[in-house]
Amino acid sequence: MNLKDLYQEIILDHGKNPRNLGKFENFNKDAKGHNPLCGDKVHIFLKLDENKKVVDISFEGEGCAISMASASIMTDLMKGKSETEAKEIISKFLDMIKEKDDINSDLLKSDEKIKLMSLGGVKNYPMRVKCATLSWHALSTALDDFQKEVTTE
Ligand code: ZN
């Protein structure tokens with residue numbers, strides 16, 4: 001299987017069977033994201049403990065396979081990360097999806113990098129970049145508690 005097929009398989013798998021779907025009890029941060037161009041909507045829920053570690057994270061939403069796969073992959077790998085680590089991963093992911101060929105972070109295992117790289121195929125399609133980054137912007141907003149809803153517009 002070549003890399004392109006592998007990437008496609010990861011997106012299809014996560015898009016069809018999103019992990020961490022559904023609100024959970026006792027979340028203490030949340031934020032919504034809306035991508036009107038495609039119709040994608042996400043609502044991210046997370047629980048930070050007293051050390052600002054992500055002890056649980058999930059999402060609700062509907063949208064295209066890219067947006068759902070991205071939210072699924074993101075929530076999977078954010079569990080157990082500190083707030084600082086989560087922010088670094090968000091920033092590395094956004095760099096990769098917009099312009100970089102690779103994602104370099106000591107915080108990510110190689111299989112996690114491969115899952116993130118699978119979303120990198122949208123790089124040349126600005127409309128799709130918005131689908132892939134929606135949940136990441138929402139998570140960033142939830143962590144900052146700055147505003148409660150982001151839109152890609
Ligand atoms: Zn979309």
> Going through the distances and angles, do Lys29 and Asp144 end up as a salt bridge (charged side-chain N to carboxylate O under 4.0 Å, His left out)?
Replying inline: CA-CA 9 Å; Lys29 299 231 174 206; Asp144 286 337; over 6 Å; no
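Arg128 approaches Cys38 most closely through the heavy-atom pair NH2-SG, 3.6 Å. Shown here for Ala132 and Phe93, the closest heavy-atom pair between the two residues is O-CE2, 3.8 Å. The nearest pair of heavy atoms linking Met78 to Ile57 is CB-CD1, 4.1 Å. Taking every heavy atom of both residues into account, Asp40 and Cys64 meet most closely at OD1-N, 2.9 Å. What you find for Ile11 and Ala65 is that their closest heavy atoms are CG2-O, 4.4 Å. Closest heavy-atom contact between Ser58 and Gly22: OG-O, 2.6 Å.
With Glu85 as the partner, the side chain to side chain contact (heavy atoms under 4.5 Å, CB included) test is satisfied by one option alone out of Ile90, Val54, Leu108, Leu107: Leu107.
More than 12 heavy atoms of other residues, nucleotides or ligands sit less than 6.0 Å from atom NZ of Lys81. No more than 12 heavy atoms of other residues, nucleotides or ligands shown are found within 6.0 angstrom of OH on Tyr125. At most 12 heavy atoms of other shown residues, nucleotides or ligands fall within 6.0 angstrom of atom NZ in Lys53. Heavy-atom contacts from other residues, nucleotides or ligands closer than 6.0 Å to CG of Asp106 number 12 or fewer.
Contact check for Glu60 versus Phe45: side-chain heavy atoms found under the 4.5 Å cut-off. The closest side-chain heavy-atom distance from Lys47 to Phe24 is below 4.5 Å. Residues Ile44 and Asp30 are not in side-chain contact: their nearest non-hydrogen atoms beyond the backbone lie 4.5 Å or more apart. In this structure, the side chains of Ser105 and Lys92 come closer than 4.5 Å at one or more pairs of heavy atoms. Taking the side chain as every heavy atom from C-beta outward, His34 and Val42 never approach each other to under 4.5 Å. Inter-residue side-chain proximity for Leu3 and Met117 is flagged as unmet; no heavy-atom pair is nearer than 4.5 Å. Looking at Met74 and Trp136, their side chains come closer than 4.5 Å, going by heavy atoms from C-beta outward. Leu37 places a side-chain heavy atom less than 4.5 Å from the side chain of Lys130.
Of the inter-residue distances, the one linking Ile89 atom CD1 with Leu139 atom CG reads 9.5 Å to the nearest 0.5 angstrom.
Side-chain atoms of Ser72 never come within 3.5 Å of backbone atoms of Met68 as a donor-acceptor pair (strictly under, hydrogens ignored).
Under the 3.5 Å distance criterion, with hydrogens and angles disregarded, a donor-acceptor pair is assigned to the side chains of Lys79 and Asn20.
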